[in-house]
Amino acid sequence: MLKSTSPATPPPERFRFPKSAHLRDGRDFARVREGGKAVQGRLLKLALFCPRTGGVAKVGIITSKRVGGAVVRNKVRRRLRELVRHSRAHFPPGSLIVAIAKPAAAAASFDELREEWLLLARRLSIFPAAA
RNA sequence: CUCCGAUGGCGGACGGCCGUUCUCCGCGAACCGCAAGGUGGCGGGGAGAGGAAAGUCCGGACACCGAAAGGCAGCAUGCCGCGUAGAACGCGCGGGGGAGAGGGACGAAAGUCCCUUUCAACGGACAGUGUCACAGAAAACAAACCUCCUCUCGGCGAAAGCCGGGCGGGAAGGGUGAAAAGGCGGGGUAAGAGCCCACCGCCCCGGGCGCAAGUCCGGGGGCACGAAAAACCCCAUGCGGUGCAAGACAGAACAGGAGGAACCGGGUUGCCUGCCCGAUCCUGCGGCGCAAGCCGCGGGUGACCUCCGGGUAUUAGUCGCAGUCCGAAAGGACUGUCUCGACCGCAAGGCCGAGGCAAGACAAAUGGCCGUCCAAGCCCCGGCGCAAGCCGCGGGCCGGACAGAAUCCGGCUUACAGCCAUCCAAAAACG
RNA sequence: UGCCCUGUGGUGUAAUGGUAACACAGCGGCCUUUGGAGCCGUUAUUCAUGGUUCGAGUCCAUGCGGGGCAG
């Protein structure tokens, strides 16, 4: 299952992704876009910005109209949210992360999305223990 | 029998682990903010996408704009009736005539009538302006190329006649075209022609039927009336504008300065009139704050849905009637309605009664993964059948169509795998 | 979410309802030692599907695509 493929040994607590961990403020998005580090693959583009010293890490997901219709975009966003939910505990505290879905993500399976997500996250050194 | 078709309905089911939004109960008291206020922890219960949520093509509700007053412009609609005098519509239902297709009857033919089915944005072309390419002699106060006919001139010929030209007559035939100026038959004629006659069509009048659009019957006219209004346009009817990013509330912050003022400036939907405002005013410039909070926003509510039963009653109202006002008039508006009279329908629906129901975000919830099953698709096996194909308590593979609420409703349009139910008339086609 | 505008060769523009025109670019050819210039030729489902009309790029309806505005 998902637990076994996570990069670090998952803690026994449950994985959640409440609204307080969502990146929602437009200024935060602008800060990540201008001051963050970004890598991209075939399906995704990932950006990281670590300005703050504490607090919960916030993640924003962008699925533009280029990805597809409303149904497709919902599907991709929900899958990305599921990935974030499972690996959220390893994010550096206070970091701001933005995940942007590219059009190819519409046709990708959940497993393909997960491999790309882990690869890009490692490249950004989001997981300190695994990196 | 199958395929196709029409109409209506459904739009996978059950379960496990984890997650998410809203809400309720209990426990608990932390964080953010100047503040109003917001966010959050633990346990448990409940609720959470569609028939199209879509396109935004119509109509409303609701909110604001207060001159939301008149006119012009503009836009929309356009056979009739009903739903709807208990929202509105460009919607629905039914009817009418029309057009296309198929069939049948009568007839010599032209055509007429009947049946079935499909379609439509079906007011007006004597109110006016404009258009009808090419072809053709002529294309909208018709015309005369070939041909036809009378008369006449010339030539040839024994003659009948033939060839060529001219003044006329005519619109039947040929040919062109999308369309050739009523059709067809007969009479008539030099040849012809509604010139005359019968039938059909058209127009007008009268009567019957129908709520009406219309239709049927009778009489008359003698044809005068081409197409196109999805060309401009005319007529009738309707429309104030903007749209939830409408708009309301709460607090925080800041800095003012300039100009204008009744023969001026600004506002008021595109224009005009008119109206309103002008120093506690208006317009620029600048400053502060910011796509922040909260309400609108989701409901004991609604033009809601479903079902069965009942009956044509009651009330508001409309018509009629009376009065007042506006208008040159036609007509319109308002008030009253004491008494008297009229008011469902073919159907759809409406009325009365009973029951049911309901998500709500704002970088935006309704999910991720897995299992079992039911349909469907493909392949194989077996059976039936001449065949197309059908059937199977046989197996395998694959694996859910179109599509995601954003203020809320009523419609329309468009997309859609598969399944279910009903219908399939006349006739035709396939095996 | 609401509202508005727009669609003709590869690009930019034309076209009273009557044979889709022009410029540039592209391709082929002529000319030239080669290239450029010049000349000749070639390149269109007028976004799609229906409808009105004898006839539609034009008029009408629906759909599709592209663009813009907003507190």
Side-chain angles (χ1 to χ4, degrees):
Chain A
M1 294 260 293
L2 272 174
K3 282 182 185 176
S4 58
T5 56
S6 288
T9 311
E13 74 232 25
R14 291 149 63 190
F15 309 111
R16 326 191 83 170
F17 189 25
K19 195 177 270 185
S20 59
H22 289 210
L23 186 59
R24 304 164 79 180
D25 196 326
R27 285 169 298 185
D28 286 340
F29 276 92
R31 227 177 293 160
V32 174
R33 189 173 60 244
E34 289 163 15
K37 246 188 345 173
V39 294
Q40 58 176 314
R42 194 173 60 86
L43 308 173
L44 298 173
K45 180 177 179 179
L46 220 58
L48 170 71
F49 183 60
C50 304
R52 301 189 294 180
T53 50
V56 290
K58 291 192 170 185
V59 183
I61 298 169
I62 298 178
T63 50
S64 76
K65 276 199 175 176
R66 294 187 56 207
V67 175
V71 173
V72 174
R73 280 184 285 143
N74 276 343
K75 185 89 170 174
V76 171
R77 189 168 355 103
R78 283 161 180 165
R79 282 174 162 172
L80 289 176
R81 227 170 39 217
E82 188 71 8
L83 292 171
V84 169
R85 181 167 79 86
H86 279 88
S87 50
R88 201 167 67 85
H90 308 290
F91 294 165
S95 59
L96 304 177
I97 299 170
V98 174
I100 303 170
K102 304 176 80 168
S109 69
F110 184 71
D111 289 338
E112 289 172 320
L113 273 178
R114 183 177 53 202
E115 281 171 26
E116 177 116 349
W117 160 259
L118 294 175
L119 178 75
L120 295 178
R122 256 185 231 109
R123 256 202 262 167
L124 276 179
S125 308
I126 285 177
F127 309 124

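Protein chains get the first letters and strands the later ones, always in sequence-line order, with residue 1 at the start of each. Bear in mind the structure is a predicted one, so any value in this text is a computation, not a measurement.
Taking atom P on both B:rG221 and C:rC60, the two are 49 Å apart, rounded to the nearest angstrom. Straight-line distance between the C1' atoms of B:rG78 and B:rC234: roughly 14 Å, to the nearest whole Å. Nucleotides B:rG175 and B:rA137 have their P atoms positioned 13 Å apart, rounded to a whole Å. Here the separation of B:rG50 from B:rA63, taken at their P atoms, is 30 Å to the nearest Å. Of the P atoms belonging to B:rA139 and C:rG12, the separation is 46 Å, rounded to the nearest Å. A gap of 42 Å separates the C1' atoms of B:rC34 and B:rG300, to the nearest Å. Spacing between B:rG136 and C:rG38 at atom C1', rounded to whole Å, works out to 47 Å. Taking the P atom of each, B:rG410 and B:rG5 are spaced 31 Å apart, rounded to whole Å.
Base pairing of B:rA333 is made with B:rU324, judged by Watson-Crick or G-U wobble geometry with both donor-acceptor distances under 3.5 Å. Of the nucleotides present, B:rG166 is the one that pairs with B:rC151 by Watson-Crick or G-U wobble criteria, both distances under 3.5 Å. Pairing of B:rU56, defined by two Watson-Crick or G-U wobble distances under 3.5 Å, is not identified with any nucleotide. Shown here, B:rC184 forms no base pair; nothing in the strands shown gives a Watson-Crick or G-U wobble contact with both key distances under 3.5 Å. Pairing for B:rC357 is with B:rG302, a Watson-Crick or G-U wobble pair whose two hydrogen-bonding atom distances lie under 3.5 Å. Pairing of B:rU131, defined by two Watson-Crick or G-U wobble distances under 3.5 Å, is identified with B:rA227. Under the Watson-Crick and G-U wobble criteria, each requiring two contacts below 3.5 Å, nucleotide B:rA316 is left unpaired. Pair assignment for B:rA388 gives none, since no Watson-Crick or G-U wobble pairing has each distance under 3.5 Å.
When every heavy atom of A:F91 is checked against every heavy atom of A:V84, the shortest pair comes out as CE1-CG1, 4.2 Å. The two atoms that bring A:V39 and A:R123 nearest to each other are CB-NH1, 4.3 Å, heavy atoms only. The two residues A:A101 and A:V67 have their closest heavy-atom pair at O-CG2, 3.5 Å. Smallest separation of non-hydrogen atoms from A:V76 and A:A106: CG2-CA, 4.1 Å.
Side-chain contact between A:L120 and A:L124 is absent, with no heavy-atom pair separated by less than 4.5 Å. When side chains are defined from C-beta on, A:L118 does not count as touching A:L83, because their heavy atoms never get closer than 4.5 Å.
Put simply, A:R78 has no side-chain N or O that comes within less than 4.0 Å of OP1 or OP2 on B:rG19.
A salt bridge is defined here as a Lys NZ or Arg NE, NH1 or NH2 lying under 4.0 Å from an Asp or Glu carboxylate O, and A:E82 with A:R79 fails to meet this definition.
As rounded to whole Å, 11 Å separates atom C1' of B:rA405 from atom CG of A:N74. Here the C1' atom of nucleotide B:rG367 and the NE2 atom of A:H86 are 12 Å apart, to the nearest Å. For A:D111 and B:rG368, the CG to C1' distance is 12 Å, given to the nearest whole Å. Taking atom NZ of residue A:K75 and atom P of nucleotide B:rA49, one finds them 16 Å apart after rounding to whole Å. The distance between atom CZ of A:F17 and atom P of B:rA365, rounded to the nearest whole Å, is 12 Å.
In B:rG48 the O4'-C1'-N dihedral to the base is more than 90° from 0, which defines an anti nucleotide. Glycosidic conformation, B:rG51: syn, with the torsion inside 90° of 0. Classification of B:rG284 as syn follows from a glycosidic angle within 90° of 0. Base orientation of B:rG299: syn, since the glycosidic angle falls within 90° of 0. More than 90° away from 0 lies the glycosidic angle of B:rA172, which makes this nucleotide anti.
Residues passing the side-chain hydrogen bond (donor to acceptor under 3.5 Å, both in side chains) test with A:K102, sequence neighbours excluded: A:Q40. The side-chain hydrogen bond (donor to acceptor under 3.5 Å, both in side chains) test applied to A:R81 returns no partner, not counting sequence neighbours. Residues that satisfy the side-chain contact (heavy atoms from CB on, under 4.5 Å) test with A:A38, not counting sequence neighbours, are A:K45, A:A47. Checked against side-chain hydrogen bond (donor to acceptor under 3.5 Å, both in side chains), A:E115 has no partners two or more places apart in sequence or in another chain. Legend: residues meeting side-chain contact (heavy atoms from CB on, under 4.5 Å) with A:A70, ordered by chain and number and at least two apart, are A:R73.
The side chain of A:R79 lies closest to B:rG368, out of B:rA405, B:rG368, B:rA49.
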Q: Could you provide the dot-bracket string of RNA chain C, using ( ) for intrastrand pairs, [ ] for crossing pairs and | for bases paired to another strand, with Watson-Crick or G-U pairs below 3.5 Å?
A: (((((((..((((....[..)))).(((((.......)))))....(((((..]....)))))))))))).
Find every protein N or O atom lying less than 3.5 Å from an N or O atom of nucleotides 362-364 of chain B, and list the pairs.
| from | atom 1 | to | atom 2 | distance (Å) |
| --- | --- | --- | --- | --- |
| B:rC362 | OP1 | A:K19 | NZ | 2.3 |
| B:rC362 | OP1 | A:R24 | NH2 | 2.6 |
| B:rA363 | O2' | A:L23 | O | 2.6 |
| B:rA364 | OP1 | A:H22 | ND1 | 3.1 |

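Residues A:R85 and A:V71 each lie close to RNA chain B; by heavy-atom proximity, the contact nearer the 5' end of the strand is made by A:R85.
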